[in-house]
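None of the values given here were measured: they were computed from a predicted structure. In what follows, every chain begins at residue 1, and chains take the letters A, B, ... in the order their sequences are listed. The figures that follow rest on heavy atoms only: side chains count, while hydrogens, waters and symmetry mates do not.
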There are 2 protein chains.
Amino acid sequence: MGVLEKIPATRRARRANVEAVPAARLPLNEILRGDCIETMRALPDRCVDMIFADPPYNLQLGGDLHRPDGSQVDAVDDDWDKFDTFAAYDRFTRDWLREAHRILKDDGTIWVIGSYHNIFRVGTALQDQGFWVLNDIVWRKANPMPNFKGTRFTNAHETLIWCSKAEKAKYTFNYRTMKALNDDVQMRSDWTLPICSGGERLKDDDGHKAHPTQKPESLLYRVMLACTEPGDLVLDPFFGTGTTGAVARRLGRRWIGIEREDKYIKVATQRIAATLPLDESAMMSIPEKKAMPRIAFGLLVEGGLIPPGSVVTDARRRWSATVRADGMLASGCGAIGSIHRLGAQLQKAPSCNGWSFWHIETAQGLEPIDAVRQRHLAELGS
Amino acid sequence: MGVLEKIPATRRARRANVEAVPAARLPLNEILRGDCIETMRALPDRCVDMIFADPPYNLQLGGDLHRPDGSQVDAVDDDWDKFDTFAAYDRFTRDWLREAHRILKDDGTIWVIGSYHNIFRVGTALQDQGFWVLNDIVWRKANPMPNFKGTRFTNAHETLIWCSKAEKAKYTFNYRTMKALNDDVQMRSDWTLPICSGGERLKDDDGHKAHPTQKPESLLYRVMLACTEPGDLVLDPFFGTGTTGAVARRLGRRWIGIEREDKYIKVATQRIAATLPLDESAMMSIPEKKAMPRIAFGLLVEGGLIPPGSVVTDARRRWSATVRADGMLASGCGAIGSIHRLGAQLQKAPSCNGWSFWHIETAQGLEPIDAVRQRHLAELGS
DNA sequence: CTACGCCGTGAATCTGGGG
DNA sequence: TCCCCAGATTCACGGCGTA
């Protein structure tokens with residue numbers, strides 16, 4: 001039984017349109033080798049729930065650039081980023097967006113990331129194609145490359161555009177999941193996240209970076225948590241080293257990647273094979289309940305529903321932690337944090353929904369702490 | 001004596017092009033009543049140093065949107081044709097940007113602010129018009145309006161696009177001023193500033209806000225400090241309540257505003273009259289090193305500040321060299337060259353700033369030779 | 001074992017004046 | 001228009017080696 005079948009019927013019902021082709025006949029969890037436009041043409045209408053696209057930025061770089069210490073900046077000089085004119089870039093953009101619009105389900109959404117070099121062309125083409133912009137999201141880089149020559153402001157962000165298929169189209173937005181991720185205030189349109197470096201950055205056999213523009217998993221993690229459900233199908237037409245596939249697998253989403261270059265396909269294949277799905281409870285989004293009063297975890301501790309000193313574990317008892325009087329959790333290894341933070345830290349995930357990840361032994365057996373919260377809520381209501 | 005005359009000749013010289021019309025014949029520090037395109041047409045070529053534009057955002061409220069023939073776009077209608085509306089907005093944008101490009105000096109810059117509703121159209125039109133994007137700046141609102149329905153991310157930012165007139169055009173960027181404003185680290189492309197509220201928010205006679213999209217003065221303050229000099233002429237073709245004019249006056253810049261509606265002109269006029277210019281010392285930007293008078297190394301040798309035969313080393317004393325009477329350096333290995341050349345050669349670097357690389361033993365200890373130059377400069381000034 | 005410092009590096013439209 | 005050369009210019013991390 002696949003993950004899809006576990007989605008509650010009420011959520012599945014939000015999918016307004018019927019899949020034109022059974023999922024079994026789609027190339028699921030595979031990298032399709034080829035040109036993105038040609039390859040999308042071979043996919044049926046309205047078959048994917050979400051598209052994440054990281055197209056070439058058309059950087060138009062000039063000569064070499066040196067840091068003040070004399071070292072040279074490793075520039076993006078790949079052929080795939082070269083276009084003769086803005087008109088050529090616009091044609092390319094319109095062509096792939098046309099196919100993207102066709103294969104997207106009517107209640108699906110598309111995300112496209114870019115910089116000032118290309119994002120205005122992309123945004124215009126999205127609107128002209130009939131996509132409806134829901135938000136533009138700013139990825140604020142925590143650690144951008146400086147402007148070495150002191151000629152401009154540090155280019156410290158990139159822009160993502162999030163669109164539904166049409167103005168009145170339904171779409172998935174896991175509002176409460178995003179709010180929980182953001183310390184219980186609404187998630188804003190600016191996200192501060194580090195660039196991809198350290199152990200996450202894939203290297204080729206020579207030890208050089210495998211791809212010049214690898215995106216951080218935290219970015220895709222937030223995108224997918226925000227607007228897909230487990231079992232949903234995510235397409236990435238510019239797959240590169242497969243960040244989209246890795247995060248999809250980790251979050252229990254299905255995926256299709258399209259990539260032209262064998263070297264990237266090879267790296268992505270290995271990477272995704274080495275990625276393990278997260279604990280199932282951690283990937284479920286918080287049920288969308290309107291007007292649910294906010295209950296801090298500390299309130300349950302204060303109120304004696306989860307007394308200090310209680311031991312909580314994940315569903316499979318791989319990790320455990322002790323509840324402190326101030327509502328924080330302490331793990332055996334010495335780490336301390338909120339239910340969300342500690343869950344993320346132990347799993348080495350960028351974020352975690354502590355309410356569904358942490359469980360506690362009750363009269364009903366091992367239950368997520370959210371169950372305790374729900375009972376408390378019910379009591380408050382009565 | 002006007003402020004302009006106080007600008008050092010070295011800076012004025014950076015203004016490459018001659019004003020087509022003497023500044024005295026321009027309508028300075030005035031609000032011109034009328035349509036922005038028609039009014040710009042009456043201004044001469046290459047007459048303004050900077051343009052700040054806050055064009056109408058909303059594609060569906062056609063109040064500010066007119067077809068080229070003057071008829072109004074009827075957009076608030078369930079049956080409205082999206083393409084027609086976007087096309088009308090694009091025509092309007094191209095028309096005013098064409099005039100903006102014409103009246104901007106060759107070394108001037110333009111700033112346009114917008115949201116995801118219009119900024120992609122604006123950015124595309126800017127690039128198509130030949131403007132060269134220098135940065136896109138994100139105004140991160142410290143206190144944005146929440147998304148009440150919980151259907152999207154909180155729209156917590158707006159975007160500004162900063163362009164020079166052409167790819168190779170010179171432009172003013174007060175790098176060191178921006179760095180100083182930002183605790184001595186490079187100013188980034190994301191600016192966190194509060195929205196306009198409280199006492200700054202202008203009210204009409206009924207106590208309602210005078211303008212729906214009044215921009216905070218802090219935003220204009222940073223823009224003008226970054227890329228204009230005192231005495232420069234700033235144009236705002238969508239003047240509204242005159243934030244641009246107020247900040248220009250405060251910072252000793254000259255300004256021209258264009259506004260169609262009498263009620264805004266009235267509010268702006270009162271506001272600017274009540275704004276006092278800052279003390280002159282407060283409005284000067286930090287001098288850019290590039291604009292400071294050059295002192296040849298040989299001059300210091302001639303003047304006896306660094307006598308021939310002196311030994312200079314790098315900060316860690318890994319390399320040393322002897323100063324020759326002609327201002328060249330000679331290293332022990334026989335290499336001879338300017339302070340820059342020899343520094344680069346010894347480090348095997350593509351280039352080197354000899355002023356900061358080479359050090360000399362003084363009463364203050366081991367100092368970069370630039371310190372000697374700075375002291376010499378200070379003596380010359382007094 | 002920790003602390004500290006050095007080194008490498010990241011989607012970058014990255015100098016300007018004089019001869 | 002091109003060449004030459006003076007000289008201005010970097011932030012946050014992660015990894016690794018040394019004290």
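Side-chain contact between B:Thr124 and A:Phe120 is present, with at least one heavy-atom pair separated by less than 4.5 Å. Residues B:Leu104 and B:His101 fail the side-chain proximity criterion, which asks for heavy atoms closer than 4.5 Å. Taking 4.5 Å as the limit, some side-chain heavy atom of B:Leu126 sits within range of a side-chain heavy atom of B:Val112.
Judged by closest nucleotide on DNA chain C, A:Lys209 is the one of B:Val133 and A:Lys209 placed further toward the 5' end.
Looking at residues two or more places apart in sequence or on another chain, you find a side-chain contact (heavy atoms from CB on, under 4.5 Å) between B:Ala100 and B:Met40, B:Ile51, B:Trp96, B:Ile110.
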Exercise for the section: Give the B/S/- string for nucleotides 14-19 of chain D, one per nucleotide from 5' to 3', where a protein heavy atom under 4.0 Å of the base yields B, of only the sugar-phosphate yields S, and otherwise -. Expected result: SS----

Exercise for the section: Take nucleotides 1-12 of chain D nucleotide by nucleotide from the 5' end and write B, S or -, depending on whether a protein heavy atom sits under 4.0 Å from the base, only from the sugar-phosphate, or from neither. Expected result: ----SSBBBBBS

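Straight-line distance between the C1' atoms of D:dT10 and C:dG10: roughly 12 Å, to the nearest whole Å. C:dG19 and D:dG7 are spaced 15 Å apart, taking the P atom of each and rounding to whole Å. Taking atom P in both C:dC14 and D:dA12, one finds a spacing of 23 Å when rounded to whole Å. Comparing D:dA8 with C:dA12, their P atoms are spaced 26 Å from each other, to the whole Å. When the C1' atom is used for both C:dT13 and D:dC13, the distance is 26 Å, rounded to whole Å.
The ring of A:Phe153 has its center closer than 6.0 angstrom to the ring center of B:Phe173. For an aromatic pair to be called close, the ring centres must be under 6.0 Å apart, and A:Phe83 with A:Phe92 satisfies this. Aromatic rings of A:Trp80 and A:His211 (six-membered ring for Trp) have centroids within the 6.0 Å cut-off, being under it. The six-membered or imidazole ring of A:Trp162 lies near that of A:Trp111, with a centre-to-centre distance under 6.0 Å.
Residue B:Arg316 has its side chain nearest to C:dC7 when only C:dA11, C:dG10, C:dC7 are considered. Nearest nucleotide to the side chain of A:Thr151, out of C:dA11, C:dC14, C:dA12: C:dC14. Nearest nucleotide to the A:Val73 side chain, out of C:dA12, C:dG17, C:dT13: C:dA12.
Rounded to whole Å, the distance from CD on A:Gln214 to P on C:dA11 is 9 Å. Look at CD1 on A:Ile195: it is 13 Å from C1' on C:dA12, rounded to the nearest Å. Between the C1' atom of C:dG17 and the NZ atom of B:Lys170 lies a distance of 8 Å, rounded to the nearest Å. Computed from coordinates, the A:Asp78 CG to C:dA11 P distance equals 12 Å when rounded to whole Å. Atom C1' of nucleotide C:dA12 and atom CG of B:Asp136 are separated by 13 Å, given to the nearest angstrom. Note: CD (B:Glu167) to P (C:dA12) measures 18 Å, nearest angstrom. The distance between atom NZ of A:Lys215 and atom P of C:dG10, rounded to the nearest whole Å, is 13 Å. Atom-to-atom, CG of B:Asn135 to C1' of C:dT13 comes out at 10 Å; the value is rounded to the nearest Å.
Base pairing annotation: C:dA12 forms no Watson-Crick or G-U wobble pair, as no partner gives both donor-acceptor distances under 3.5 Å. Nucleotide D:dC2 forms a pair with C:dG19, judged by Watson-Crick or G-U wobble geometry with both contacts under 3.5 Å. Base pairing of D:dT18: its partner is C:dA3, meeting the Watson-Crick or G-U wobble criterion (both donor-acceptor distances under 3.5 Å). Nucleotide D:dT9 forms a pair with no other nucleotide shown, judged by Watson-Crick or G-U wobble geometry with both contacts under 3.5 Å.
For A:Arg201 (side chain) and A:Cys196 (main-chain N/O), a donor-acceptor pair under 3.5 Å exists by modelled atom type. Without hydrogens or angle criteria, B:Asn174 side chain to B:Thr177 main chain gives no donor-acceptor distance under 3.5 Å.
No contact: A:Pro216 has no heavy atom under 4.0 Å from any strand. Using a 4.0 Å heavy-atom cutoff across all strands shown, A:Asn58 reaches no nucleic acid atom at all. Looking at heavy-atom distances under 4.0 Å, B:Asn182 makes no contact with the nucleic acid at all. Counting any heavy atom pair closer than 4.0 Å across all strands shown, A:Thr213 reaches a base atom.
Here C:dT15 is in the anti range [glycosidic angle more than 90° from 0].
Here the closest non-hydrogen pair linking A:Lys141 and A:Glu158 is NZ-OE2, 2.8 Å.
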